[in-house]
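Residue numbers count from 1 along this sequence. Given the structure is predicted, the values throughout are model-derived calculations rather than measurements.
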Amino acid sequence: MTNSWRALAQMARDRIMQTDPENLPLLWSLRLSSLARLRLFNQASAEASNLFGALGSITPPAARTHVLEHVLPFELDVINARVKYWAGDAYGYTDALGVLLRRCRRRARNARLDADRQMWIERGARVGLIAASQFIETKDFTAATGLLESLVTSSSELRSALGRVYLQAGQLDKAEYHFEVVERAAVTAAAADDDDGDDDDEGKPDVVSETTRALNVAFMASARGTGIKPAVNNLAVALLGQGKLKEGIEVLETALEASPSTLAMAEPFLFNLSTLYELRSSIAADKKRDC
């Protein structure tokens, strides 16, 4: 994969020297994205700074505004903001993301076509997620949860991410609430897809224990094939946060047995399961040394 990104970066550089000027923005976006994928951050920062320095010198100002607002790919604006992150300027990076987020909201409000409005709303959501990740990195969980709360609608992925942030912040009640919402939505959607009535008992959510709810979620995962893995993962992490290591392992093992073809290909699921196994082995070794 590294060789592929290197080849793309070299191809984009060669094309930039030869291509028609109207295709340059897309090629620059490909070039800088490839350098970032290769983790050549110094090279990407230098080239991005030179590019935006040249764009900033366009005259008259109206032409410069048109190029920056309507011609330049949005990905280049995101990379330009990332330059501050690569330089270690966390506050400057946050400010740059704030500028991008306000721009997305302004363009969404002013859009005349529904397609354009939806496009800028989605871009704003992407920038919001990037900003939330930055807040989490700087341990500002209040800002991260506040931003994610404004983005959560019907997306199970976003709600799962919000629950994980609350879990990381130590707010277990709110984390459990969001995980349960994701679980209920998944079970309801799976039940709506199943009109045969063959899964009478297994398809009904059981509220007796967290482990039983996890078993129902795993069963629905095998029926649908997608969309439930985050709920099982989140429940296992929540159990671990409560000190219930054995129950967390049981949840993941049972889900894997219920849907091996789906979950065996999920890297986060397998990573969490192997981590819990390592924790269990470490605890057992510590107890043996204490005896």
Side-chain angles (χ1 to χ4, degrees), residues 1 129 132-133 136-137 141 144 148 152 155-191 193-194 199 201-290:
M1 183 61 71
L129 289 175
S133 299
I136 294 170
E137 187 172 326
F141 298 116
L148 288 174
V152 168
S155 172
S156 295
E157 290 79 7
L158 282 179
R159 193 173 291 279
S160 296
L162 178 58
R164 289 194 293 272
V165 175
Y166 275 125
L167 187 63
Q168 193 171 353
Q171 301 184 43
L172 299 184
D173 293 340
K174 290 186 176 182
E176 185 177 7
Y177 164 75
H178 287 287
F179 292 156
E180 288 180 350
V181 170
V182 172
E183 182 181 335
R184 287 198 301 270
V187 172
T188 301
D193 291 340
D194 184 13
D199 308 318
D201 295 331
E202 295 91 343
K204 296 178 181 179
D206 186 356
V207 296
V208 174
S209 67
E210 292 173 326
T211 303
T212 305
R213 289 204 306 270
L215 301 182
N216 286 326
V217 170
F219 180 84
M220 291 302 177
S222 65
R224 291 185 49 138
T226 57
I228 312 297
K229 294 188 293 292
V232 179
N233 256 333
N234 291 337
L235 183 54
V237 174
L239 289 172
L240 177 62
Q242 296 172 9
K244 300 177 181 179
L245 176 60
K246 181 180 178 181
E247 289 83 351
I249 293 176
E250 181 182 355
V251 164
L252 295 180
E253 286 179 339
T254 308
L256 184 60
E257 292 174 1
S259 183
S261 60
T262 300
L263 295 178
M265 300 300 293
E267 184 177 347
F269 180 91
L270 297 179
F271 177 80
N272 284 348
L273 183 57
S274 62
T275 301
L276 293 184
Y277 281 150
E278 290 176 2
L279 287 174
R280 184 174 64 181
S281 301
S282 176
I283 293 173
D286 291 342
K287 287 183 178 180
K288 288 181 179 179
R289 283 195 295 267
D290 293 340

For Leu279 and Ile249: C-alpha separation, side-chain torsions, deciding distance, then whether side-chain contact (heavy atoms from CB on, under 4.5 Å) applies. CA-CA 10 Å; Leu279 287 174; Ile249 293 176; over 6 Å; no

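Among all heavy-atom pairs drawn from Ala132 and Ala144, the shortest one is O-CB, 3.8 Å. For the pair Ala175 and Gly163, the tightest heavy-atom approach, listed with the atom from each and the gap, is CB-O, 3.4 Å. Here the closest heavy-atom approach between residue Gly248 and residue Leu276 is recorded as C-CD1, 3.8 Å.
Distance check, rounded to the nearest 0.5 Å: CG of Leu148 to NE2 of His178 gives 9.5 Å. The distance from atom OH of Tyr166 to atom OH of Tyr177, rounded to the nearest 0.5 Å, is 10.0 Å. To the nearest 0.5 Å, the span separating OG1 on Thr275 from CG on Leu252 amounts to 10.0 Å. Note that CD of Glu278 is 5.5 Å distant from OG of Ser274, once rounded to the nearest 0.5 Å. Interatomic distance, CG of Leu245 versus CZ of Arg280, reported as 7.5 Å (0.5 Å rounding).
In this structure Gln171 satisfies the side chain to side chain donor-acceptor pair (under 3.5 Å) test with no other residue, sequence neighbours excluded. In this view, Tyr277 and Glu253 satisfy the side chain to side chain donor-acceptor pair (under 3.5 Å) rule, not counting sequence neighbours.
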